Enquirer: 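What follows is a single structure, and I will ask about it in a moment.
Both counts, for ligands and for their atoms, begin at 1 and track the order of listing. For the numbers below, each heavy atom of this structure counts, side chains included, while hydrogens, waters and symmetry mates do not. Note that the coordinates shown come from a computational prediction; the quantities given were computed from them, not determined experimentally.
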Amino acid sequence: MGKGKFPVEKLLAIQTPFYYYDAEVLRQTLRTINEEAGKHDGFVVHYAVKANANPKILRIIREAGMGADCVSGGEIEASVKAGFPNNKIVYAGVGKADWEINLGLDNDIFCFNVESIPELEVINELAAAKNKVARVAFRLNPNVGAHTHANITTGLAENKFGIAMRDMLDVIAEAEKLPNVQFVGLHFHIGSQILDMGDFEALCNRVNELQKILDSHRIRAEHINVGGGLGVDYGHPNRLPIPDFKSYFDTYAKKLKLRPGQTLHFELGRAMVAQCGSLITRTLYIKKGDVKKFAIVDAGFPDLIRPALYQAYHKIENITSEEPKDTYDVVGPICESTDVFAKQIDLNGTHRGDLLAIRSAGAYGEIMASQYNCRKLPIGYMSDDL
Ligand SMILES: *Cc1c(COP(=O)(O)O)cnc(C)c1O
């Protein structure tokens, strides 16, 4: 990999900014996931569509045999269109609208991940109107903290997600009473960009405690879904393009005690797609300030909001210059002080017209883009198609 992997001549001919997806990196990532998850009985991997719903990305992931984890009706539609089988689509979300629930019912999806009793009652009602029985899992809030950015921690008692653990038996009992829902599993998701396997271990311990309670009431969940959250190395997209899936799956295999016949489901987003993508932007101007050099580029935070939203670091490379390094602030054209991709970073000597690759932009890049300032949404190109 490395800079040589970019087809620079072809990229130079494309209108910037745009997303560039390396299909080989994506396929290699998916092969590694299948290899590592495949070592353990009953492991089932879904893709969290919210990380990137580009149809070309979805098609490659579907071809690798993954299921789809959706958090909206639009994502269910995108998954069905990309050819994901209905029985591999799950639907989670703290606020499901009636039309979205109906869409899930019409497509006979694998499971609704339910986050409250009022929601359970509405699903039961809507399913009854269609003479169907909806399969439901309960999303429990495990009160497990992930050592990551506060805005992407979801599994603490203070977060809006999920049902409190103490209510587990009550909600399952409620589901047993309702004729048009069937309890099939438990669902968890503790956060994102998690690199400390200890966080996943803490979740395993919590699941084990809850399963003991279920055992004592002779309740059996068909499946346990532990969500996603595995992080990637934003600092070294060339050296470490494939996340450490071995440690991730091995942790669950070692720590989480499955019951006979039970399956363990995963919903990976970022770890599947982050490293295959780059935001390619053209340098418009080099501005020399009193103390700094600014590389002003034609991409801005509407095209990749993570640096502005989470102070996230993305490695940036000049893919068209071989000149000795110099130090720059890389900034966009938007009239907001937060429109900065990186401060005081070393780039090969950069001039007007040079292409910069903002790396690890495959997850939560294109999908979070906006048209702020009446800008056009950038196009996503797959390396296969260039
Ligand atoms: C966001 C989300 C995921 C994926 O998270 P990543 O950190 O991208 O792996 C999985 N499951 C649920 C319920 C989510 O909300």
Side-chain angles (χ1 to χ4, degrees), residues 26 29-30 33 37 44-54 57-58 61 66-72 74-76 79 88-96 100 104 109-116 119 136-142 144-156 159-163 185-197 199-200 203 223-234 242-245 247-249 251-252 264-277 305-306 309-310 312 360-368:
L26 177 56
T29 304
L30 296 166
I33 293 172
V44 179
V45 181
H46 292 255
Y47 168 57
V49 174
K50 75 168 191 254
N52 188 326
N54 183 301
I57 297 260
L58 291 182
I61 293 175
M66 313 295 172
D69 162 49
C70 303
V71 292
S72 72
E75 288 188 3
I76 296 175
S79 303
K88 283 189 178 179
I89 296 176
V90 302
Y91 176 26
V94 44
K96 300 178 186 75
E100 297 177 300
I109 61 170
F110 175 73
C111 175
F112 292 84
N113 291 332
V114 172
E115 306 215 10
S116 68
E119 182 195 330
V136 299
F138 289 109
R139 177 172 183 172
L140 297 180
N141 186 327
V144 169
H147 299 94
T148 180
H149 193 279
N151 290 3
I152 51 177
T153 297
T154 55
L156 286 173
N159 298 129
K160 70 179 174 184
F161 300 99
I163 294 165
L186 296 181
H187 178 229
F188 305 86
H189 176 68
I190 57 172
S192 205
Q193 185 51 18
I194 298 168
L195 292 165
D196 180 352
M197 293 303 136
D199 291 340
F200 297 121
L203 174 60
H223 74 265
I224 303 290
N225 181 335
V226 287
L230 179 62
V232 304
D233 192 335
Y234 282 98
I242 313 281
D244 187 2
F245 294 110
S247 299
Y248 176 72
F249 290 118
T251 298
Y252 279 102
L264 185 59
H265 294 217
F266 300 87
E267 304 168 332
L268 294 168
R270 185 190 313 270
M272 261 193 225
V273 293
Q275 299 291 36
C276 77
I305 202 172
R306 298 190 67 257
L309 193 58
Y310 310 121
S360 313
Y364 307 110
E366 182 173 1
I367 196 72
M368 291 180 94

Enquirer: Excluding sequence neighbours, so at least two apart, what forms salt bridge (charged side-chain N to carboxylate O under 4.0 Å, His left out) with E100?
Expert: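 With sequence neighbours excluded, E100 shows a salt bridge (charged side-chain N to carboxylate O under 4.0 Å, His left out) to no residue whatsoever.
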
Enquirer: Decide whether a cation-pi geometry holds between K96 and Y91; the criteria are a distance under 6.0 Å from NZ or CZ to the six-membered ring centre and an angle within 45° of the ring axis.
Expert: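 Yes, K96 and Y91 form such a contact.
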
Enquirer: List the residues meeting ring pair (Phe, Tyr, Trp, His ring centres under 6.0 Å) with H187, not counting sequence neighbours, and say none if there are none.
Expert: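 Partners of H187 by the ring pair (Phe, Tyr, Trp, His ring centres under 6.0 Å) criterion come out as none, since no residue qualifies.
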
Enquirer: Name the residues with a heavy atom less than 4.0 Å from ligand 1?
Expert: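 Shell around ligand 1 (4.0 Å, heavy atoms): A48, K50, D69, R139, H187, H189, S192, G228, G229, E267, L268, G269, R270, Y364.
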
Enquirer: List in chain and number order the residues that pass side chain to side chain donor-acceptor pair (under 3.5 Å) with E366, two or more places apart in sequence or in another chain; answer none if no residue qualifies.
Expert: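 Expected list: Y21, N54.
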
Enquirer: Salt bridge or not for E75 and K50, using N-O below 4.0 Å?
Expert: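 No salt bridge links E75 with K50.
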
Enquirer: Pick one: which of H189, H265, H223 meets ring-ring contact (aromatic ring centres under 6.0 Å, His included) with H46?
Expert: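 That would be H265; it is the only one of H189, H265, H223 passing the ring-ring contact (aromatic ring centres under 6.0 Å, His included) with H46.
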
